[in-house]
Protein chains: 2
Amino acid sequence: MPKNNHQTCLCPLKGIIDLISKKWALLIINTLGNSGKLRFNQIMHALDGISPKTLSETLKELQAEGLVARESFAEIPPRVEYCLTNDGVDLRKSIIPLLEWTAKRSSVDQKRCESCPPSIRARNQANLGEKN
Amino acid sequence: MPKNNHQTCLCPLKGIIDLISKKWALLIINTLGNSGKLRFNQIMHALDGISPKTLSETLKELQAEGLVARESFAEIPPRVEYCLTNDGVDLRKSIIPLLEWTAKRSSVDQKRCESCPPSIRARNQANLGEKN
DNA sequence: CAGTATCCCTTTCGATACTG
DNA sequence: CAGTATCGAAAGGGATACTG
């Protein structure tokens, strides 16, 4: 069996394309994965540039897919927290190679990560060092 | 260091979203990866439903990104072959976990893979068996 | 605070006919 | 065969104002 001939069916991909091709879906997944629990406005802030409409819609789709869990508290002012489900965590893990591939191609992007905590940036650099 | 707290920066993701959010990009990558070299009309046929315009445009972008190589032969009728570059092969490898995640979620999709060669389907089943 | 409702612009992409 | 040209429909998504 040739080493570089690992064949995969593209049919499952068709299904997932709709999900991850949503401009913000993977970003939300990753942000929640980084932070654990976040409130609506916290996600808005973390994903600089997303509109409340888009965030709201995308979160609903992610919930429908069983990737994100929503918990609301009967308080005033209202409080709602979002986090990944186990499935969401798995998805996030499965895109890490993709992240690494991207980072490896354009390490220039690392410098633009002003919205990322220094700890994450440091870890990225370390990961890149290991891989190269 | 908590085990489930592997943090990743989302900035590289922003860059890749544009690429993979193209409806057909990953499908082309994977099809080429499965088959090695393919001609324009072969890709058209493999990706049932894509229009020549969309295929042409997407192939150009993938070439511009250095993921796909194009080789044309001065023959009549003309012949052009596409294949993955090394970078393209790497990208394809990096999305395999994503494919596996998707396949694991909805093994029902496996049954709809009528366009896939039986050998690929068999391999998918085997891979699923290993993972579960 | 956590969304929803509107408006509108842009991009995407399918269908089809045509060309070197 | 390997595309290109043109048209149009549809969806994505931003800005903003508003509501429970």
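Numbered from 1 within each chain, the chains take letters A, B, ... in sequence-line order.
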Check: Separation of L47(B) atom CG from dG3(D) atom P, in whole Å?
Finding: 15 Å

Item checked: Note, I50(B) side chain near I43(B) side chain (heavy atom, < 4.5 Å) -> no

Margin query: In whole Å, I'd like the distance from the CG atom of L27(B) to the C1' atom of dC13(C).
Written below: 14 Å

Next item on the list: With sequence neighbours excluded, give me every side-chain hydrogen bond (donor to acceptor under 3.5 Å, both in side chains) pair touching residues 43-54 of chain B.
Entry: S51(B)-T54(B)

Next item on the list: Measure from CD on E81(A) to P on dC1(C) and round the result to the nearest Å.
Entry: 14 Å

Next item on the list: Report the residues that fulfil side chain to side chain donor-acceptor pair (under 3.5 Å) with E61(B), sequence neighbours left out, ordered by chain and then residue number.
Entry: K22(B)

Notebook entry, point to check: Within the pair Y82(B) and dC1(D), is there a side-chain N or O less than 4.0 Å away from OP1 or OP2?
Noted result: no

Check: How long is the gap from OG1 on T58(A) to CG on L47(A), to the nearest 0.5 Å?
Finding: 9.0 Å

Next item on the list: Please test R92(A) against L99(A) for side-chain contact (heavy atoms from CB on, under 4.5 Å), starting from the C-alpha separation and ending with a verdict.
Entry: CA-CA 10 Å; R92(A) 179 157 169 279; L99(A) 267 163; over 6 Å; no

Check: Separation of I28(A) atom CD1 from dA2(C) atom P, in whole Å?
Finding: 15 Å

Notebook entry, point to check: The side chain of R39(A) lies closest to which of these nucleotides: dC1(C), dA17(C), dA17(D)?
Noted result: dC1(C)

Checklist line | By side-chain contact (heavy atoms from CB on, under 4.5 Å) - contacts of R70(A) (at least two apart) | finding: Q63(A), S72(A), V80(A), Y82(A)

Check: Listed by chain and number, what are the side-chain contact (heavy atoms from CB on, under 4.5 Å) partners of P52(B), not counting sequence neighbours?
Finding: F40(B), M44(B)

Distances under 3.5 Å only, N/O to N/O: pair up the protein atoms with those of nucleotides 8-12 of chain C.
none

Notebook entry, point to check: Reading DNA chain D 5' to 3', how would its secondary structure be written in dot-bracket notation, given Watson-Crick and G-U pairs with both distances under 3.5 Å, brackets [ ] for crossing pairs and | for partners on other strands?
Noted result: ||||||||||||||||||||

Margin query: So, using salt bridge (charged side-chain N to carboxylate O under 4.0 Å, His left out) as the criterion, who are the partners of D87(A) when residues are at least two apart?
Written below: R105(B)

Notebook entry, point to check: Taking only residues two or more places apart in sequence or in another chain, which ones pass salt bridge (charged side-chain N to carboxylate O under 4.0 Å, His left out) with K23(A)?
Noted result: none

Next item on the list: Grab the two heavy atoms, one from S94(A) and one from L98(B), that are nearest each other, plus how far apart they are.
Entry: OG-CD1, 3.4 Å

Next item on the list: Give, for atom OG1 of T31(B) and atom CH2 of W24(B), the distance between the pair rounded to the nearest 0.5 Å.
Entry: 9.5 Å

Next item on the list: Quickly work out the N41(A) CG to dG3(C) C1' distance and round it to whole Å.
Entry: 9 Å

Notebook entry, point to check: Hey, can you pull the residues of residues 54-63 of chain B with a non-hydrogen atom under 4.0 angstrom from DNA chain D?
Noted result: S56(B), K60(B)

Note to self: What is the separation between atom CD1 on I50(B) and atom C1' on dG3(D), rounded to the nearest whole Å?
What the structure shows: 13 Å

Next item on the list: Could you tell me the separation between the CD1 atom of I43(A) and the P atom of dC1(C), rounded to a whole number of Å?
Entry: 14 Å

Check: Once you round to the nearest 0.5 Å, how far does CG of L55(B) lie from CG of L27(B)?
Finding: 11.0 Å

Notebook entry, point to check: How long is the gap from CG on L84(A) to CG on D90(A), to the nearest 0.5 Å?
Noted result: 10.0 Å

Next item on the list: Please work out which residues in residues 68-79 of chain B have a non-hydrogen atom less than 4.0 Å from an atom of DNA chain C and list them by number.
Entry: P78(B)

Next item on the list: Could I get the full list of salt bridge (charged side-chain N to carboxylate O under 4.0 Å, His left out) partners for R39(B), not counting sequence neighbours?
Entry: none

Check: Separation of L38(B) atom CG from dG3(D) atom P, in whole Å?
Finding: 13 Å

